[in-house]
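First up is the structure itself, then whatever we jot down about it.
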Amino acid sequence: MYYRLFSLDEARKLLPELQRVLRQMQEAKTALTQLQARLKLTRPHTPERRALEEEARFLIGSLEADKAYLDQLGVHLKDLDRGLVDFPARLGGQVVFLCWQLGEPDITYWHPLTGGYAERRPLPQAEPALQPAPPPRASPDACEAR
């Protein structure tokens with residue numbers, strides 16, 4: 001279903017890059033919205049109109065390239081305006097989404113694949129599927145055999 005499942009640590013390591021890319025995308029979207037408003041007021045077949053259309057194509061291409069980059073990383077962009085992304089992960093034996101939003105200091109929520117932001121739940125504090133496994137301990141019987 002998903003070509004990549006993230007550990008919590010892997011997802012956390014991507015946060016600085018995601019912050020950069022999401023802010024860049026939000027700025028491009030804002031600029032595109034403003035440019036589209038200007039285009040509505042500009043007469044057709046003028047140099048100004050052609051320049052605005054070229055700038056719009058550039059911004060659209062930039063947004064598409066950034067979205068493709070997120071897809072390549074295995075991150076699912078859910079809502080650009082909110083900076084909301086999901087990371088496919090395994091939690092307690094099931095595949096879920098780790099859920100993070102721009103402005104949050106860490107990934108602390110998850111939701112089922114069929115759910116969304118409204119179904120976010122706090123991550124368990126010591127979920128074995130998301131935390132490194134502790135080193136194996138010798139059983140008490142093994143110590144007695146010595």
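All of these numbers come straight from a predicted model, not from anything done at the bench. Heads up: numbering here begins at 1 and tracks the sequence.
- Across all their heavy atoms, G83 and L22 have their closest contact at O-CD1, 3.8 Å.
- Listed here is the closest heavy atom pair of L80 and Q26: O-NE2, 2.8 Å.
- The residues E10 and R90 are annotated as not salt-bridged, no charged nitrogen and carboxylate oxygen being separated by less than 4.0 angstrom.
- Both L70 and L32 are part of a single hydrophobic cluster, where members link through side-chain heavy atoms under 4.5 Å apart.
- Rounded to the nearest 0.5 angstrom, K13 NZ and L8 CG are separated by 11.0 Å.
- Across all their heavy atoms, L98 and A89 have their closest contact at CG-CB, 3.6 Å.
- A donor and an acceptor atom, one from each side chain of R20 and Q24, are located under 3.5 Å apart.
- Each of V96 and L84 belongs to its own hydrophobic cluster when Ile, Leu, Val, Met, Phe, Trp and Tyr are linked at side-chain heavy-atom distances under 4.5 angstrom.
- The side-chain tip of R82 points at the ring of Y117 from less than 6.0 angstrom away and within 45° of straight on.
- Rounded to the nearest 0.5 Å, atoms CG (L35) and CZ (R57) are 10.5 Å apart.
- No side-chain N or O of E64 forms a donor-acceptor pair with one of Y69 less than 3.5 Å apart.
- No side-chain heavy atom of Q36 sits less than 4.5 Å from a side-chain heavy atom of L52.
- Checked against the 6.0 Å centroid criterion, the rings of H76 and F97 qualify as a close aromatic pair.
- The structure places CG of L15 at 8.5 Å from CZ of R12, a figure rounded to the nearest 0.5 Å.
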Test log, rule salt bridge (charged side-chain N to carboxylate O under 4.0 Å, His left out), inputs E53 and R49: CA-CA 6 Å; E53 289 170 344; R49 174 77 178 216; 3.0 Å; yes
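- Using a 4.5 Å heavy-atom cutoff, the side chains of W100 and D106 are not in contact.
- Of all heavy-atom pairs between T46 and R43, the closest is OG1-O, 3.1 Å.
- Separation of atoms CD (E119) and CH2 (W110) is listed at 9.0 Å; rounding is to 0.5 Å.
- A 4.5 Å side-chain heavy-atom check between L102 and Q19 finds at least one atom pair inside the cut-off.
- Between K67 and M25, the shortest heavy-atom distance links the atoms N-CE, 4.0 Å.
- Looking at L77 and D86, their side chains never come closer than 4.5 Å, going by heavy atoms from C-beta outward.
- Taking CG of L91 as the start and CZ of R121 as the end, the distance is 9.5 Å to the nearest 0.5 Å.
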Test log, rule side chain to side chain contact (heavy atoms under 4.5 Å, CB included), inputs R4 and F87: CA-CA 9 Å; R4 178 176 186 184; F87 303 83; over 6 Å; no
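- Between the side chain of T42 and the main chain of R38, a donor-acceptor pair closer than 3.5 Å is present.
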CA sep, side-chain torsions, deciding dist, call: Q101, V85, side chain to side chain contact (heavy atoms under 4.5 Å, CB included): CA-CA 6 Å; Q101 182 172 296; V85 296; over 6 Å; no
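- Closest non-hydrogen pair, P88 versus G74, comes out as CD-O, 3.4 Å.
- To the nearest 0.5 Å, atom CD of residue Q94 and atom CG of residue L113 are 8.0 Å apart.
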